[in-house]
Amino acid sequence: MSSHKVAVIGAGSAGTLAAVRLRQLLNDAVQITVYERGSQAGGRAWDVDFAGTTIEIGGTVLHSTGRHTMDLMKLTGAEEGHYTSGISGDDKTFWFWTDKGFVVKTGDSLPSMALGIVKHVGPFSALRVTMSVQKVAKKWTGIYALQDAGQTFDTPQQMLSALGLNAETGVSVRDELHNHHVNSRMIDDVVVPIVHNMYNQGGELNSLAGQVGLAGAGLAGGYLFSVKGGNRTLFSQALAKIEADVQLNTAVTRIAGATNSDGGLTWTLTTSSGSSQFDAVVLAAPLALADLELTLDGTPLSVSVYPYQQVNTTLVVGELAPEYFGLPAGAKLPGNFFVADSAKQPFKSLGITGFSPVYQQRIYKIFSAERKMSDELLARIFSSVSAVHRHVWRGAYPVLPAGIDHVPFILAPGLTYGCAFETAAGAVEVEAVGGYNAGSLAANALRLK
Ligand SMILES: Cc1cc2nc3c(=O)[nH]c(=O)nc-3n(C[C@H](O)[C@H](O)[C@H](O)COP(=O)(O)OP(=O)(O)OC[C@H]3O[C@@H](n4cnc5c(N)ncnc54)[C@H](O)[C@@H]3O)c2cc1C
C-alpha cells in the first residue's frame, strides 16, 4: 500500500494527539514526521530540575475527566502523581487575598474550600457558579461522543455550536456571572483570583475560558493530578509508541503549498536542516509563536494571528515573610494564595509547588503576567531566599477576550491547524481535543486523495 507522508509541527499536546489520531485512522499507510523546535516533546507542558527535585513550570494540573489525557496515560503506561511534591502536613490550604485582606481561608479539601467561600459570598452565588461550571463541563464533555462517532469540525465555531457553547465565548466571564445574579464578592474575590491562577487574566476572559479555569480548580468533579516523572514525558512516550519520526531541535521556518500535476497540493517544509515534501501538514504550534511563513502557490496565506500573553514563572526556595502579607512575624501562612485585582499585587498567584531535599525548604511557584519578580521584590515577599529559578513564557496562553472570530482548523486543503480552538479556551486537554480534530481532518483529506 502506498504510504502518505504527513508532517506535524509541534510536539505538545495538540501535535501529539494529531499524530496519535493519524496513526489510529491510517495505521501504517501514513509516515508521520514531527518537527519540534525544542530539545524535547511537551511544549508548554514543561519541567525543570531545580533545588534537587523536578518542578512543572508550565501545564501542571491535569484532570481525570480529560479523556484524551487519560488515553495517553493508558497508551504510555504513565503513572499519576500529585501536582505538588514532597510536602507534608497542613500546606494545601488556600487563602483568597483582596484589598480587605484574606477574605476566605480554606483547608485542604474541596468541601472546606466550598464552606470558606460560602461564608464570604453567601450560598446562592457560590451555588450558581458551581452549577454554571458543571453545566459547561457537561456540555464540553459531549465532545468525546462526537469525536468517537468520527465527527470533525472545520472551525472552532462549528465545534462550539455542536456542543451548545457558542454563547459562552461571546461574553466575558464577569458579565455572564452578573447576568446569572452572581454577586460581586463571588466574582471579584473568588472567581477572578482562581482564573488568575489558571490564565493570568481576569474577569474580561471569555466565559468559556473562565469556566474551564474554574473546572480546572476542581469545581466540575473528577480529580487533579500530574504525571510521575513530568507531564511532558506523556507526549514523548506517546510519540515513540506510535512510531512517529520525531525531529527535535528542528524549527520549521516555512510551510509552502504548491499545486501539483494532479491538481492537488504538495507541501514543502523548510527547516533549519533543509526542506522536505509532504502530502499533508498539521500545524500544532500557535501561529503567534511559531515564527514561520505560510504560502500557497507563492502567495502568503492570509490568517489572523491572535496575540499570546507573556507569563513569568518564578520558583523560589525559601520562607515567606508574614509581614509582607500584613500579618505579624511568625504568623501562619497558607500553602496557596489566590490574588484578587483589588489586592494590587505584582503577581497573580503564589503557592507551594514542592520541597527541596537540598535546602530542606519549601519551593514556591509565582505567576506574574507582565512583571518579572526581581531580587528586590522577592526580598520583600520572603524572609529568606535560598535559590531562585526564573522562566519567561513568551506566550503562555492566548489573550482570551470574548467574541473572537477564531482561526479555522482547515487553513488550506491538506493544511490543518491543531491550536485553532485555543483562542476559545486553552488547557492541556482542550488542546488535545483540538489536535485530535486536526489529525482527523488531515487523515480525511488524505483518504480523499
Ligand atoms: C505557565 C503555564 C501554566 C499552565 N498551567 C496549566 C495547567 O495547570 N493545566 C492545564 O491543563 N494547562 C495549563 N497550561 C496550558 C497548557 O500548558 C497549554 O494549553 C498546552 O500545553 C498547549 O499545548 P499545544 O500543543 O497547543 O501547544 P504547545 O505546548 O505550545 O506546543 C507547541 C510546540 O510547537 C513547537 N514549535 C513552535 N513553533 C515551532 C516551529 N516553527 N517549528 C517546530 N516546532 C515549533 C514548540 O516548541 C512547542 O513544543 C499552562 C500553560 C502555561 C504556560
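Whatever order the structure lists them in is the order used to number ligands and atoms, beginning at 1. The chain is numbered in sequence order, starting from 1.
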Does a donor on one side chain and an acceptor on the other come within less than 3.5 Å for [X] and [Y]?
X: Ser386; Y: Gln361; value: yes
X: Glu422; Y: Tyr306; value: no
X: Asn206; Y: Thr169; value: no
X: Arg21; Y: Tyr436; value: yes
X: Ser276; Y: Lys5; value: no
X: Gln211; Y: Ser132; value: yes

Check: Is the shortest N/O to N/O distance between Pro286 and ligand 1 below 3.5 Å?
Finding: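 N/O-N/O distance below 3.5 Å does not exist for this pair.
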
Note to self: So, regarding Leu289 and ligand 1 (criterion: nitrogen or oxygen to nitrogen or oxygen, under 3.5 Å), is there a contact or not?
What the structure shows: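 No, no N or O pair falls under 3.5 Å.
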
Of all the non-hydrogen atoms in the protein, which one sits nearest to [atom], and at what distance?
atom: atom 7 (C) of ligand 1; result: Thr60 N, 3.4 Å
atom: atom 36 (N) of ligand 1; result: Ala285 CB, 3.8 Å
atom: atom 8 (O) of ligand 1; result: Val61 N, 2.9 Å
atom: atom 31 (O) of ligand 1; result: Gly12 CA, 3.7 Å
atom: atom 26 (O) of ligand 1; result: Glu431 OE1, 2.5 Å
atom: atom 53 (C) of ligand 1; result: Ala396 CB, 3.4 Å
atom: atom 40 (C) of ligand 1; result: Val252 N, 3.7 Å

Note to self: Using side-chain heavy atoms (C-beta onward) and a distance below 4.5 Å, is Thr33 in contact with Phe278?
What the structure shows: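 Result yes, sub-4.5 Å side-chain heavy-atom pair found.
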
Note to self: Measuring only between side-chain heavy atoms, which start at C-beta, is Tyr364 closer than 4.5 Å to Phe382?
What the structure shows: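 Yes - at least one pair of side-chain heavy atoms lies under 4.5 Å apart.
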
Margin query: Are more than 12 heavy atoms, taken from residues, nucleotides or ligands other than Gln24, located less than 6.0 Å from that residue's CD atom?
Written below: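 Yes, enclosed.
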
Near [X], which atoms of ligand 1 are under 4.0 Å from a heavy atom of that residue?
X: Arg44; answer: 17 (O), 21 (O), 22 (C), 24 (P), 26 (O), 27 (O), 28 (P), 29 (O), 30 (O)
X: Ile57; answer: 1 (C)
X: Ile9; answer: 40 (C), 42 (N), 43 (C)
X: Ala251; answer: 42 (N), 43 (C)
X: Gly42; answer: 29 (O)
X: Gly10; answer: 33 (C), 34 (O), 35 (C)
X: Leu292; answer: 41 (N)
X: Ala284; answer: 32 (C)

Item checked: Interatomic spacing from OG1 in Thr271 to CD in Gln247 - rounded to 0.5 Å ->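 Answer for the OG1-CD pair, Thr271 versus Gln247, is 8.0 Å.
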
Margin query: Return the OG1 to CD1 distance between Thr54 and Ile57, rounded to the nearest 0.5 Å.
Written below: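 CD1 of Ile57 is found 11.5 Å from OG1 of Thr54.
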
Margin query: Taking a cutoff of less than 4.0 Å between a non-hydrogen atom of the residue and any ligand atom, is Thr253 in contact with ligand 1?
Written below: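 It does not; every heavy atom stays at 4.0 Å or beyond.
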
Notebook entry, point to check: With a 4.0 Å cut-off on heavy atoms, does Trp46 reach ligand 1?
Noted result: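 Under 4.0 Å: no for Trp46.
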
Just to be sure I'm reading this right: ignoring hydrogens, which of [options] gets closest to [atom]? Compare them by their nearest heavy atoms.
atom: atom 14 (N) of ligand 1; options: Ser13, Gly213, Gly59, Ala41; result: Gly59
atom: atom 47 (O) of ligand 1; options: Arg37, Glu36, Arg254; result: Glu36
atom: atom 2 (C) of ligand 1; options: Trp393, Phe235, Tyr397; result: Tyr397

Margin query: Between Thr266 and Gln277, is the side-chain hydrogen bond (donor to acceptor under 3.5 Å, both in side chains) condition met? List the steps.
Written below: CA-CA 7 Å; Thr266 299; Gln277 293 195 329; 5.6 Å; no

Check: Taking Tyr417 as the fixed residue, which of Val281, Val282, Leu287 is the one that meets the side chain to side chain contact (heavy atoms under 4.5 Å, CB included) rule?
Finding: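 With Tyr417 as partner, side chain to side chain contact (heavy atoms under 4.5 Å, CB included) holds for just one option, Leu287.
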
Could you tell me whether [X] approaches ligand 1 through its side chain, its backbone, both or neither, with non-hydrogen atoms closer than 4.0 Å?
X: Val428; result: both
X: Thr250; result: backbone
X: Cys419; result: side chain

Note to self: Are Trp393 and Tyr308, when compared by the centres of their aromatic rings, separated by less than 6.0 Å?
What the structure shows: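 Aromatic pair excluded; centres sit 6.0 Å or further apart.
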
Next item on the list: Would you confirm whether Thr250, through its side chain, and Leu248, through its main-chain N or O, come within 3.5 Å as a donor-acceptor pair?
Entry: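 Looks like yes, one N/O pair under 3.5 Å.
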
